[in-house]
Amino acid sequence: MEKICVAVRVRPPVPTSSSDGEWQTSNERCWRIEDNRISLHSPFDSNPASNNALSFAFDHVFDRSSSNGRIYGLLIKDIITAAARGFNGTVFAYGQTSSGKTYTMNGSEDDPGIIHLAIKDIFKNIQMRGIYVAGLREEIVSNTEQVLNLIKVGEANRHVGQTNANVRSSRSHTIFRMVIESRGNDASCPGKSFTADAVRVSVLNLVDLAGSERIAKTGAEGERLKEGKHINKSLLTLGNVINKLSDGGKQRGHIPYRDSKLTRILQPALGGNAKTSIICTVAPEEILTDAALLKRQKLEIEQLRQQLQGHHSEVLEQEIFKLRNEMLKSELEREKLAMELEEERKLHKERDHYTREQQMKVDSLSNCVHSDQDRNSCQIPIVARLDMQFVFILVPLMQGVSTWQSFSEERIDSHSMLHSDSFRTPSSEAQANTFVAKRSDYSRLPDSSPLSINFIDATDEDLWLGLNKGCITDLDKLQMTPGLKANSVPSSYISPVLSLQGKLEFGRAAESHHKLKEVYEQRCNALEKECSLLREEKDSLAQALAEETQKRKDLEEDIQRIALAFARRGGLLKSVHDKFKIKLKNLTIPHAIQVLPPQEY
Ligand SMILES: Nc1ncnc2c1ncn2[C@@H]1O[C@H](COP(=O)(O)OP(=O)(O)OP(=O)(O)O)[C@@H](O)[C@H]1O
């Protein structure tokens, strides 16, 4: 057996008054035990062999189902046997408050603790040799019961108090010490190097330490607070003494045994050839020291950073990329729709314009038809209006008298503009400012202006002469414009025929244009709606993008803040860690103690 043996014991969860009989469990982390290794896993970590877990190795690790008897058998029995043979021995129960130190040392009725089992064994050994020695105090004990009675007296002196963490918290360290004097028995030890006169004296310490506690967690105040400070101080000194002892050789320097009563009492059992076992008790509720908390936070930050740099940031990037793509797509779609809308508007405008033109033509033709009917009845010449221009047709009559004549397209042969002031039609009565046109040379009648049949009986030169008060215009002196070919007139300017059929056709065309106009208007409205929907979608996408970006920024800021705090405390930790490493290098005794983090002392 190594000189110092370190084991960990995890106690089962304890029902508390606050939890109404339910078992307290840690929903954050859990301890996993494998052989002599104990690891702290996060709940998300399904792989037991994961590298993310904090892992420690010890000489022994006892899970919650382990009894005191098992721990005694594996860890303590050898020390007891050695104590009977003259070796000092010490057993510490060390751990956070409420982690099970007292239970380990004292046990319960069903599961007697280390002290009970050790006493029984010692007296069993003594009985097997046949010798026993009185204790240092003037109490002489000769059997287990006597010792247990003495322990009860000691227990009565033990100072116990209630804290938030434990209803019966030990407020002092309890050391059960047995000084064993033994003399060799020739009969029982034949051939042994010592004689029957030689007395071997060994000291066995079974120590139930008071728990290290975080004041904030235990809620200690007043007297409890004072006790807590003393407890922590003496535990710190114990840690320093063990550290110094671990240094080994000349480097170790002064060992501060005298800094606390605890180390002063235990001095003979800590150095020299003493055998020591430390049972570190662990509560599953994880009452952590500041250093352990710091370590855990550091690990969590590292995990977060990895997540952020790795998978998480990738997901965010992809999300942002996707959102950007969608935005771009909807932007393009919107532009396309806007162009289509513009196109539709143009077409609509053109059609509207065209419809209006057609309507005007229809109106003017209606007038023409109407006027034609009038003319047929009273023979008044008509001025036909064709769209934007007025065209006046001067038609030669048989008697060499010209007159205004309404026309159809087929009748257009020549036209000429007369002075604008004279745009007055001749009437059957003499009018002021009217005129009469007269052809001087009938032999040069323009073949481009065939005479309408309707005009043959219309009037004669004498009538015109009479009507126009002798004002005769020589038609041959008027300049004639060349005859127009029917198909040379652009279709949009072609006046519809005067026939009823033509009028109906125009009516139908106007109606179909009107319908078309309505269809286009509906289409325009639908496109506008689609546009506004897309605009809304774009806005919401932009908002989602902004939120994602903000989230990521917040996360990064958090990490930076925590990383800064770590950097500050990291320096301190590192120097402690380095120191500890150097000590471990020089440590010759225990290999198990090397795995203990420095703060655990
Ligand atoms: N292995 C175990 N099995 C069952 N109950 C246990 C075990 N260990 C501890 N307990 C129970 O847990 C509670 C706290 O244990 P205990 O008083 O031994 O803690 P402690 O470490 O001595 O605390 P403190 O340092 O405050 O004195 C007690 O009710 C005890 O009976």
Side-chain angles (χ1 to χ4, degrees), residues 7-26 31 33 38 60-76 91-117 151 154-176 206-221 223-236 238-239 262 277-289 292 600-601:
V8 167
R9 179 184 201 182
V10 181
R11 74 151 164 76
V14 176
T16 61
S17 53
S18 60
S19 61
D20 266 347
E22 284 179 15
W23 290 102
Q24 263 187 3
T25 53
S26 163
W31 290 105
I33 294 168
I38 182 166
H60 294 279
V61 177
F62 299 100
D63 63 18
R64 56 181 69 179
S65 65
S66 300
S67 65
N68 286 330
R70 182 160 188 263
I71 293 169
Y72 178 81
L74 280 170
L75 207 65
I76 318 296
V91 176
F92 288 109
Y94 173 93
Q96 300 153 332
T97 183
S98 187
S99 55
K101 297 179 294 295
T102 303
Y103 185 89
T104 303
M105 298 312 284
N106 289 355
S108 64
E109 279 193 13
D110 303 337
D111 190 13
I114 304 295
I115 294 175
H116 293 241
L117 296 171
I151 287 174
E155 279 294 316
N157 291 331
R158 180 192 180 109
H159 195 185
V160 179
Q162 183 172 359
T163 66
N164 284 354
N166 191 355
V167 281
R168 271 184 62 81
S169 181
S170 308
R171 308 313 291 165
S172 59
H173 307 302
T174 307
I175 303 170
F176 171 75
L206 305 176
V207 187
D208 172 12
L209 292 170
S212 57
E213 51 187 64
R214 287 173 67 211
I215 305 299
K217 199 90 187 174
T218 55
E221 299 173 334
E223 201 55 34
R224 294 280 165 279
L225 182 64
K226 267 192 211 164
E227 289 165 0
K229 282 180 186 168
H230 286 303
I231 292 168
N232 285 351
K233 192 183 162 206
S234 64
L235 288 173
L236 187 74
L238 180 64
L262 176 72
S277 262
I278 301 173
I279 306 168
C280 301
T281 50
V282 176
E285 295 86 9
E286 284 184 74
I287 304 160
L288 295 176
T289 60
E600 295 297 330
Y601 292 107

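Both counts, for ligands and for their atoms, begin at 1 and track the order of listing. Computed over heavy atoms, backbone and side chain alike; hydrogens, waters and symmetry mates excluded.
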Quiz: residues 105-114 side-chain donor-acceptor pairs under 3.5 angstrom, not counting sequence neighbours:
| residue | atom | partner | partner atom | Å |
| --- | --- | --- | --- | --- |
| N106 | ND2 | E155 | OE2 | 3.0 |
| S108 | OG | D111 | N | 3.2 |
| D111 | OD1 | N68 | N | 3.1 |
| D111 | OD2 | N68 | N | 3.0 |

Worksheet item: Under 4.5 Å between any side-chain heavy atoms of V8 and T281, yes or no?
Response: no
Discussion item. I'd like to check L74 versus F62 (side-chain heavy atoms, cut-off strictly below 4.5 Å). Are they in contact?
Written reply: yes
Worksheet item: Looking only at heavy atoms of G95, does any of them come nearer than 4.0 Å to an atom of ligand 1?
Response: no
Fill in: Sub-4.0 Å heavy-atom approach of R9 to ligand 1
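R9: in contact with ligand 1 (<4.0 Å).
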Worksheet entry | Verdict with supporting geometry, L117 and I76, side-chain contact (heavy atoms from CB on, under 4.5 Å) | CA-CA 9 Å; L117 296 171; I76 318 296; over 6 Å; no
Please identify which atoms of ligand 1 are closer than 4.0 Å to at least one heavy atom of [X].
X	answer
T102	18 (O), 22 (O)
Q96	21 (O)
R11	7 (C), 8 (N), 9 (C), 10 (N), 12 (O)

Practice prompt. Run down the list T97, N68, N106 and name the one with the heavy atom closest to atom 26 (O) of ligand 1.
Written response: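 Answer by nearest heavy atom: T97.
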Item to complete: Using a 4.0 Å heavy-atom threshold (strictly under), name the region of P12 that reaches ligand 1: side chain, backbone, both or neither.
Response: side chain
Give yes or no for whether the N/O distance cutoff of 3.5 Å, strictly under, is met between [X] and ligand 1.
X	value
D208	no
K101	yes
S98	yes

Worksheet item: Taking all atoms of both residues into account, what is the closest heavy-atom pair of K101 and D208, and its distance?
Response: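 So the two residues come closest at CB-OD1, 3.3 Å.
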Worksheet entry | Nearest atoms (heavy-atom pairs only) where R64 meets P13 |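 Reported closest heavy-atom pair: NH1-CD, 3.5 Å.
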Fill in: S99-R11 side chain donor-acceptor pair, cut-off 3.5 Å
no
